[in-house]
There are 2 protein chains.
Amino acid sequence: MAIKKTSKEEILNKAISLFKTQGFYNTSMANIADECGLIKGSIYHHFKNKDEIGLEALKYISEYFDKNIFSIKDEALSTKEKLKKIVAKTDEYFLNSNGGCLLANLATEVSSQNEEYKAIIVDYFKVWEECLAKILEEKYSKKEAEDLAYEYICTLQGSIIMFNLTNNKNRLLEIGKKLLAKV
Amino acid sequence: MAIKKTSKEEILNKAISLFKTQGFYNTSMANIADECGLIKGSIYHHFKNKDEIGLEALKYISEYFDKNIFSIKDEALSTKEKLKKIVAKTDEYFLNSNGGCLLANLATEVSSQNEEYKAIIVDYFKVWEECLAKILEEKYSKKEAEDLAYEYICTLQGSIIMFNLTNNKNRLLEIGKKLLAKV
DNA sequence: GTCTATACACAGATAGAC
DNA sequence: GTCTATCTGTGTATAGAC
């Protein structure tokens with residue numbers, strides 16, 4: 001029976017899941033290792049330390065959004081269709097993301113302690129807002145578009161917190177619907 | 001030089017401040033004791049354990065909102081004036097609350113691990129929503145009022161996360177202004 | 001790449017002197 | 001009510017065998 005090689009990405013995904021559901025500081029290296037069927041010492045073969053796991057986790061999610069969601073703004077679709085596609089992908093992501101939004105969670109838990117984390121989180125929300133604003137500018141003024149984008153992201157983030165508490169899917173989906181009604 | 005008696009409320013306030021800014025699990029009994037000019041063992045004279053501090057912290061903030069903000073719904077004022085007063089007090093609270101909203105923060109960090117915490121947090125948001133909905137029902141249908149209340153709370157909570165990241169006061173204040181524009 | 005073993009620091013918590 | 005002292009568990013991290 002060959003020893004299974006655990007990929008870095010596999011460990012990262014397990015770590016992300018734990019960070020989201022039980023918090024960063026409340027997740028130990030042993031917890032992460034357990035999830036991967038490893039022993040805690042083995043994780044250090046893949047990552048220098050716990051901080052590096054957190055950092056790569058933030059980058060991983062941020063890049064996922066860049067590649068799979070924010071990139072939609074440049075597709076050859078109508079304003080409404082672009083927004084619809086982004087909202088659908090965003091809703092799908094968060095409906096299935098147990099524990100909510102990693103970047104928002106680490107923003108409250110860790111960012112005041114770690115400037116490197118904070119910079120990534122700030123950038124994530126900035127890029128997200130710019131993505132939506134760019135699309136909305138096709139129908140609104142620059143200022144109105146920015147305000148709508150910002151408000152949507154805030155409302156969605158608040159709604160994700162509520163979704164984690166109450167499990168009410170419809171209320172989460174309403175947020176995207178209301179944005180779509182505006183174009 | 002007499003030994004200073006530290007009150008339970010004093011310890012609670014220091015603990016709340018630390019929980020908000022650096023997270024619950026990342027705050028040790030020694031951290032809390034330090035803030036109070038005590039040694040960690042002394043905290044146990046006032047609280048059974050760390051979990052109890054978290055629990056009382058949640059109750060303390062929840063009761064503050066009940067007494068000082070949510071109670072405004074029953075004052076003898078016009079719809080607009082009641083809402084205005086609530087928004088002003090809410091904005092004031094969060095503009096000065098370093099680290100954001102304790103209940104929202106613990107919702108993401110701890111609530112999935114602790115049903116007692118979760119129940120208090122769920123109730124806090126429920127009472128908040130009912131408070132706003134009751135006022136809004138003076139001008140809107142029950143369903144519309146509930147939706148507006150829910151949306152405002154979500155947007156504000158998201159905005160508090162952003163405020164912690166960017167320190168942009170105006171964007172936080174916009175949320176309340178937009179609610180007021182609706183009555 | 002994973003394991004065993006271990007070092008070391010710090011966590012939460014308790015006992016008892018003052 | 002606060003202190004000193006201490007227990008015990010667990011945290012992060014490392015060294016070296018397989």
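Since we're looking at a predicted model, the values are computed, not measured. Just so it is clear: chains get the letters A, B, ... in the order the sequence lines come, proteins before strands, and each one is counted from 1.
Of the side-chain N and O atoms in B:Tyr44, one or more sit less than 4.0 angstrom from OP1 or OP2 of C:dA13. Phosphate contact (OP1/OP2 of C:dG1, side-chain N/O of A:Ser42, threshold under 4.0 Å): absent. For C:dG1, the OP1/OP2 oxygens have no side-chain nitrogen or oxygen of A:Thr6 closer than 4.0 Å. Applying the 4.0 Å criterion to OP1 and OP2 of D:dT10, one finds that A:Ser28 has every side-chain N and O outside that range. Residue A:His45 places at least one side-chain N or O under 4.0 Å from the OP1 or OP2 atom of C:dG1.
Annotation: side chain of A:Cys154 is not in contact with side chain of B:Ile175 (no heavy-atom distance under 4.5 Å).
A salt bridge links B:Lys177 with B:Glu174: the closest approach of a Lys/Arg side-chain nitrogen to an acidic carboxylate oxygen falls below 4.0 angstrom.
Taking atom OH on B:Tyr25 and atom P on C:dG12, their separation rounds to 11 Å, with Å as the unit. The NZ-P distance, from A:Lys8 to C:dT2, rounds to 13 Å in whole Å. Protein atom NZ of A:Lys48 is 15 Å distant from nucleotide atom P of D:dA15, rounded to whole Å. Atoms CG (A:Asp34) and C1' (C:dT2) sit 15 Å apart, rounded to a whole Å. Following rounding to the nearest Å, B:Ile32 (CD1) and C:dC10 (C1') show an atom-to-atom distance of 15 Å. For the pair B:Ile43 CD1 and C:dT14 C1', the interatomic distance rounds to 15 Å; values are reported in whole Å. Separating the CD atom of A:Gln22 from the P atom of D:dG11 is a distance of 10 Å, rounded to the nearest angstrom. If you take CD of A:Glu52 and C1' of D:dT12, they are 14 Å apart, rounded to a whole angstrom.
Ring geometry, A:Phe19 versus A:Phe24: the interplanar angle falls from 30° to 60°, so the pair is classed tilted.
Closest to the A:His46 side chain, of the nucleotides C:dC3, D:dA13, C:dG1, is C:dG1. Of the listed nucleotides (C:dA11, D:dT2, C:dG1), C:dA11 has the atom at the smallest distance from the side chain of B:Ala30. When each of C:dT4, C:dA13, C:dT2 is scored by its nearest atom to the side-chain atoms of A:Ile39, the top-ranked nucleotide is C:dT4.
At a cut-off of 3.5 angstrom, counting only N and O atoms as typed in the model, there is a donor on one side and an acceptor on the other between the side-chain of B:Lys40 and the base of C:dG12.
Applying the 6.0 Å contact sphere to CD of A:Glu92 captures no more than 12 heavy atoms from other residues, nucleotides or ligands.
For the residue pair B:Glu109/A:Tyr25, the side-chain donor-acceptor check at 3.5 Å is not satisfied.
Nearest-nucleotide positions on DNA chain D place B:Gly41 closer to the 5' end than the other of A:Thr27 and B:Gly41.
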